[in-house]
Protein chains: 2
Amino acid sequence: METSNVIESFSALAQETRLAIFRLLVRQEPDGLAAGELARQLSVPHATMSAHLAVLSRAGLVVSRRQGRSIIYRANLNHMQEAIRFLVRDCCAGHPEVCGPLAESLIGCTPNQDRK
Amino acid sequence: METSNVIESFSALAQETRLAIFRLLVRQEPDGLAAGELARQLSVPHATMSAHLAVLSRAGLVVSRRQGRSIIYRANLNHMQEAIRFLVRDCCAGHPEVCGPLAESLIGCTPNQDRK
DNA sequence: TTGATGTTTCCATATTTCTAAAAATATGGA
DNA sequence: TCCATATTTTTAGAAATATGGAAACATCAA
């Protein structure tokens, strides 16, 4: 991932409503949620929601597909992964005291995974 | 870590110069770098650098200590760790396909660590 | 086609952020 | 004390972002 995209992604998440949108979509994986449903659940006017979703989309953090009248949004978990990897990359080699505990805490949450 | 601090942290990193500052400081761990040296290396006026460092400080991403006339800044790796954990937390339980590969890539970079 | 529903675009306003010069503050040496 | 160096604070204009109502656009059902 390029620097400009990392900045765009952090920028997208550095806003209360958008962070809430993203986290909600992460929890709704893999089904996703319609734009209107997001607006309702987070008590945000549709125009405002639409603008925020556009920001998250441009950053690549969410993807959307039309389903009838609705447009379903989903979190792009792979993108989040890449952004995190970018941050960690720099200290990875020289500072295992960071990556170590972080890796451990991630391992701890992958109970019985067969690596599909 | 609280939501407001996460937003503050992402916001701090969502800016070209500040992201460069943080990454540079990560690479300079554990020695750190003086404010003036940072300004010189990144070709940024000192007033501008000072403002950016204040933002990173408020977010908790860097810490500083005075040393003679200089003020030495260091990356707060622990804080970065916490911010990442916040992001991953939501999908941790339900979506191991995210944490798994991420954890693996982190494990891969902690070669011979005794967990000080 | 008409009407109902879901979403985005347009627009104006309010707010925040970026930038860097100038002035102020802190430190240490002579 | 006075001076040089290092950094921060103040300030303010320009640019970017947030917000939400109204209108436009898209889809489906009758």
Side-chain angles (χ1 to χ4, degrees), chain A residues 3-25 28 31-76, chain B residues 3-25 28 31-76:
Chain A
T3 302
S4 63
N5 190 193
V6 171
I7 289 174
E8 200 176 8
S9 300
F10 286 156
S11 177
L13 293 175
Q15 206 280 342
E16 199 167 351
T17 304
R18 284 196 299 263
L19 185 58
I21 293 168
F22 184 71
R23 295 182 71 194
L24 180 50
L25 287 179
Q28 295 295 321
D31 302 331
L33 226 45
E37 186 61 21
L38 281 165
R40 207 177 52 70
Q41 287 201 28
L42 297 177
S43 305
V44 171
H46 18 289
T48 306
M49 175 57 69
S50 188
H52 284 314
L53 287 172
V55 172
L56 287 167
S57 273
R58 264 197 307 278
L61 284 161
V62 305
V63 294
S64 61
R65 67 174 196 284
R66 181 174 280 276
Q67 193 179 68
R69 264 167 285 202
S70 298
I71 294 183
I72 310 293
Y73 282 87
R74 286 187 55 184
N76 187 350
Chain B
T3 303
S4 63
N5 190 195
V6 171
I7 289 175
E8 202 177 7
S9 300
F10 286 155
S11 176
L13 293 175
Q15 206 280 340
E16 199 167 352
T17 303
R18 285 196 299 264
L19 186 58
I21 293 169
F22 184 71
R23 295 182 71 194
L24 180 50
L25 287 179
Q28 295 296 320
D31 302 330
L33 227 44
E37 186 61 21
L38 280 165
R40 208 177 51 71
Q41 287 201 28
L42 297 177
S43 305
V44 171
H46 21 287
T48 306
M49 175 56 70
S50 186
H52 284 315
L53 287 172
V55 172
L56 288 166
S57 272
R58 263 197 307 279
L61 284 161
V62 304
V63 293
S64 61
R65 68 174 195 283
R66 180 173 281 276
Q67 194 180 68
R69 263 168 285 203
S70 299
I71 293 183
I72 309 293
Y73 283 85
R74 285 188 55 185
N76 186 350

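Chain letters run A, B, ... following the sequence lines, proteins first, then strands; residues in each count from 1.
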Report summary line: d(A:T17 OG1, A:L56 CG) to nearest 0.5 Å is 10.0 Å
Please list each protein N or O that sits under 3.5 Å from an N or O in nucleotides 8-16 of chain D, with the distance.
from, atom 1, to, atom 2, distance (Å)
D:dT8, OP1, B:Y73, OH, 2.4
D:dT8, OP2, B:S50, OG, 3.0
D:dT8, O5', B:S50, OG, 3.3

Query raised in the report: So, do A:L13 and B:V6 sit near enough that their side-chain heavy atoms are less than 4.5 Å apart?
Result: no
Query raised in the report: Which residue pairs pass the salt bridge (charged side-chain N to carboxylate O under 4.0 Å, His left out) test when at least one of the two sits in residues 37-57 of chain A, sequence neighbours left out?
Result: A:E37-A:R40
Query raised in the report: When we call it a touch if two heavy atoms are under 4.0 Å apart, what does A:R18 touch: a base, just sugar-phosphate, or nothing?
Result: sugar-phosphate
**Report entry** Residue pairs fulfilling side-chain hydrogen bond (donor to acceptor under 3.5 Å, both in side chains) with at least one residue in residues 43-71 of chain A, sequence neighbours excluded
**Finding:** A:R18-A:H52
Report summary line: CD1 (B:I72) and CG (B:D31) are apart, to the nearest 0.5 Å, by 9.5 Å
Query - First-last contacting nucleotides on DNA chain C - partner chain A, under 4.0 angstrom, heavy atom - result: C:dA4 to C:dT9
Query raised in the report: salt bridge (Lys or Arg N to Asp or Glu O under 4.0 Å) with A:E16: which residues, sequence neighbours excluded?
Result: none
Query raised in the report: If you find the nucleotide of DNA chain D closest to A:G68 and the one closest to A:H52, which residue's nucleotide is nearer the 5' end?
Result: A:H52
Requested in this report: Please tell me if the side chains of B:Q41 and B:L33 come closer than 4.5 Å, counting only heavy atoms from C-beta onward.
Outcome: yes
Requested in this report: Kindly give the heavy-atom pair with the smallest separation between A:L53 and A:A35, and that separation in Å.
Outcome: CD1-CB, 3.9 Å
**Report entry** Candidate pair B:R23 and A:T3, rule side-chain contact (heavy atoms from CB on, under 4.5 Å), full reasoning
**Finding:** CA-CA 11 Å; B:R23 295 182 71 194; A:T3 302; 4.1 Å; yes
Requested in this report: Hey, could you give me the CG/CG distance between B:L61 and B:L19, rounded to the nearest 0.5 Å?
Outcome: 10.5 Å
Query - Sugar-phosphate only, base, or nothing, as touched by B:A39 at under 4.0 Å among non-hydrogen atoms - result: nothing
Requested in this report: Kindly express the pairing pattern of DNA chain C in dot-bracket notation, using | wherever a base pairs with another strand and counting only Watson-Crick or G-U pairs under 3.5 Å.
Outcome: ||||||||||||||||||||||||||||||
Query raised in the report: A:S11 or B:G36: which one's nearest nucleotide on DNA chain D is closer to the 5' end?
Result: B:G36
